[in-house]
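Working notes, beginning with the structure itself.
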Amino acid sequence: MHWKQLNAYEPAIRVVLKTSHTRALEDIFAKGECDVILTIETPMLAGGTTLAERPLHWTGAQGGAADQHCL
């Protein structure tokens, strides 16, 4: 479902996507400034839930910045 469709379907739900480093996300979560955070760090915060575990795949242009920094 697209964000605009979600808003039309349920206008009482407001979705705001913020991206940051895990530590910053954990801080705003602890302050109650957001309801949900999604991180890939371990160990997780107390009370956290593993939603899924999947292998991480990096994708980028051959010879590009991502290609040069992947181990």
Side-chain angles (χ1 to χ4, degrees):
M1 181 178 287
H2 190 274
W3 298 119
K4 290 180 182 179
Q5 291 172 316
L6 175 63
N7 190 41
Y9 177 75
E10 185 56 66
I13 296 175
R14 181 171 176 217
V15 177
V16 176
L17 178 63
K18 293 183 177 189
T19 60
S20 189
H21 299 282
T22 298
R23 178 59 46 207
L25 294 172
E26 290 174 345
D27 289 344
I28 64 170
F29 183 73
K31 293 176 188 173
E33 296 175 5
C34 67
D35 297 316
V36 175
I37 62 173
L38 178 64
T39 67
I40 59 171
E41 306 297 325
T42 56
M44 73 176 74
L45 287 173
T49 301
T50 299
L51 299 176
E53 291 188 25
R54 302 282 188 273
L56 181 60
H57 297 276
W58 290 99
T59 303
Q62 200 167 27
D67 186 37
Q68 295 175 21
H69 295 289
C70 290
L71 301 176

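- Of the inter-residue distances, the one linking Phe29 atom CZ with Leu38 atom CG reads 12.0 Å to the nearest 0.5 angstrom.
- Among all heavy-atom pairs drawn from Leu25 and Lys18, the shortest one is CD2-O, 4.3 Å.
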Per-pair distances, 0.1 Å, donor-acceptor, side chain in residues 47-55, under 3.5 Å, sequence neighbours excluded:
none

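- Residue Ile37 holds its CD1 atom at 9.0 Å from CG of Asp27, rounded to the nearest 0.5 Å.
- Judged as a side chain to side chain donor-acceptor pair (under 3.5 Å), and not counting sequence neighbours, the contacts of Thr22 are Glu41.
- Here Thr39 contributes atom OG1 and Arg23 contributes atom CZ; the two are 10.0 Å apart, rounded to the nearest 0.5 Å.
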